[in-house]
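Below is one structure; the comments refer to it alone.
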Amino acid sequence: MKIATWNVNSLRVRLPHVLEWLQAQQPDVLALQEIKMTDDQFPVEQFNECGYQAVWSGQKTYNGVAIVSKHPTQDVVTDFPGWQDDQRRILAATIDGVRIVNFYVPNGESVASDKYQYKLAWLKAAKHWLAAEFKQHDKMIVLGDFNIAPEDRDVHDPAAWQGQVLCSDAERAALTEIMALGFVDSLRLFEQEAGVFSWWDYRAAAFRRNMGMRIDLLLVSAALQARCCASYVDKQPRKLERPSDHAPVILELT
DNA sequence: ATGGTGGTCCAACCA
């Protein structure tokens, strides 16, 4: 089973890249973030033509998440119970007995901003909801754009980013609390060279200089850990004309 | 130190 996550920064613009990538890579599941479209605009027919079904939760202009899958999706959830939010950032579904939880975690803008407080509150709600989900699903993968670099080795210039949004202690602590429910960072199960990132700013030729961050993660529950056989970033789509600023990250299970 | 780019949608917000 091959599972991937990709922040596409507008599915309307990136659809050709996504369809080409699906055809080439043939993942069983692809979780998308920042589709930036309303539900009625979702190009489900074009995924169907490639042999995929999909579920999605969209909104106008911002955010929006989807799960594209070769196999049927069950028990779809789009919100934390009791958490009122117009921002579409959550999509969970069970596929082949695996609970897939797709998150587009708030960016947070800067540590002094209201958006940062929203991010921390959102992560707290996420932890509580995941704890409840865990009671019903031992085989879980929480994946998506976390907008948190877990450790300094996930940052091209840790000194410059120290204490900044995406790297601050409170964000990393919130991620640690989620991991402590019983998840491991799948990519770190495998030996990696230094400088493995999943996002590079469009500005300042950041991709060419590999000035990136690893903020797109696949967290796997203990019940799935023994099935993990590979996890890696595919930088190829980031090299295309008019790319997303994120690259897909992949997990392969036996 | 600033601004550098890109998407949405045409002024300004978000990343």
Side-chain angles (χ1 to χ4, degrees), chain A residues 5-21 30-43 46 56-66 68 85-91 102-123 126 143-150 154-168 170-172 174-175 197-217 233-249:
Chain A
T5 179
W6 193 2
N7 179 324
V8 291
N9 186 19
S10 169
L11 184 56
R12 191 176 294 99
V13 172
R14 234 63 69 187
L15 186 61
H17 291 186
V18 173
L19 295 177
E20 271 180 44
W21 193 81
L30 172 61
L32 301 172
Q33 303 86 37
E34 286 204 273
I35 64 171
K36 295 188 171 178
M37 55 174 51
T38 53
D39 285 342
D40 59 299
Q41 296 170 324
F42 190 85
Q46 295 178 74
W56 56 93
S57 179
Q59 70 179 89
K60 188 175 162 61
T61 309
Y62 301 119
N63 309 310
V65 284
V68 177
D85 202 326
D86 294 333
Q87 300 184 33
R88 304 287 82 202
R89 299 177 174 278
I90 300 154
L91 188 60
N102 180 14
F103 280 165
Y104 175 45
V105 176
N107 171 280
E109 191 187 28
S110 67
V111 294
S113 69
D114 290 345
K115 293 193 184 106
Y116 181 79
Q117 294 306 317
Y118 168 71
K119 180 180 195 174
L120 294 180
W122 194 99
L123 287 164
L143 76 176
D145 179 357
F146 282 72
N147 271 313
I148 301 170
D154 300 310
V155 183
H156 73 277
D157 186 348
W161 280 86
Q162 184 174 31
Q164 303 292 309
V165 75
L166 312 189
C167 301
S168 71
E171 291 164 78
R172 285 176 169 174
L175 178 60
F197 306 127
S198 64
W199 168 81
W200 301 261
D201 200 300
Y202 285 120
R203 297 166 287 187
F207 182 66
R208 182 177 57 73
R209 299 153 75 192
N210 198 31
M211 296 170 63
M213 317 252 286
R214 191 175 68 93
I215 57 177
D216 300 275
L217 310 175
V233 177
D234 181 6
K235 289 173 77 170
Q236 191 276 333
R238 188 63 177 79
K239 300 173 183 172
L240 297 172
E241 195 97 9
R242 233 183 152 192
S244 170
D245 46 351
H246 296 250
V249 187

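Order of the sequence lines fixes the chain letters, A, B, ..., with proteins taken first and strands second; residue numbering starts at 1 for each chain.
Here A:K115 reaches the OP1 or OP2 of B:dC14: one of its side-chain N or O atoms lies under 4.0 Å away. For A:T61, a side-chain nitrogen or oxygen approaches OP1 or OP2 of B:dC9 to under 4.0 Å. The phosphate of B:dG7 (OP1 or OP2) has no side-chain N or O of A:R12 nearer than 4.0 angstrom. Between A:R14 and B:dG7, a side-chain N or O to OP1/OP2 separation shorter than 4.0 Å is present. Between A:K36 and B:dA15, a side-chain N or O to OP1/OP2 separation shorter than 4.0 Å is absent. An OP1 or OP2 oxygen of B:dT8 is reached within less than 4.0 angstrom by a side-chain nitrogen or oxygen of A:S10.
Regarding A:H246, its NE2 atom lies at a distance of 13 Å from the P atom of B:dG7, rounded to whole Å. Atom pair A:R203:CZ and B:dT5:C1' shows a separation of 7 Å (rounding to whole Å applied).
Taking atom C1' in both B:dA15 and B:dG3, the straight-line distance is 16 Å, to the nearest Å.
Using modelled atom types, one finds no donor on one side chain facing an acceptor on the other under 3.5 Å when comparing A:K36 with A:N63.
With B:dC14, B:dT8, B:dG4 as the choices, the nucleotide that has an atom nearest any side-chain atom of A:Y62 turns out to be B:dC14. If you check B:dG6, B:dC13, B:dT8 against the side chain of A:Y202, the one that comes closest is B:dG6. Relative to the side chain of A:E34, the nucleotides B:dC9, B:dA15, B:dG7 differ in distance, and B:dA15 lies closest.
Heavy-atom minimum distance, A:W200 versus A:R238: O-NH2, 2.8 Å.
Nucleic acid contact class of A:Y104 (heavy atoms, under 4.0 Å, all strands): sugar-phosphate only.
A:T5 places no side-chain N or O within 3.5 Å of a backbone atom of A:L143 that could act as its donor or acceptor partner.
For the pairing with A:Q33, the side chain to side chain donor-acceptor pair (under 3.5 Å) check across A:N7, A:N102, A:D145 returns one residue only, A:N102.
Nucleotide B:dG4 has no partner under the Watson-Crick or G-U criteria, as no pair reaches both atom distances under 3.5 Å.
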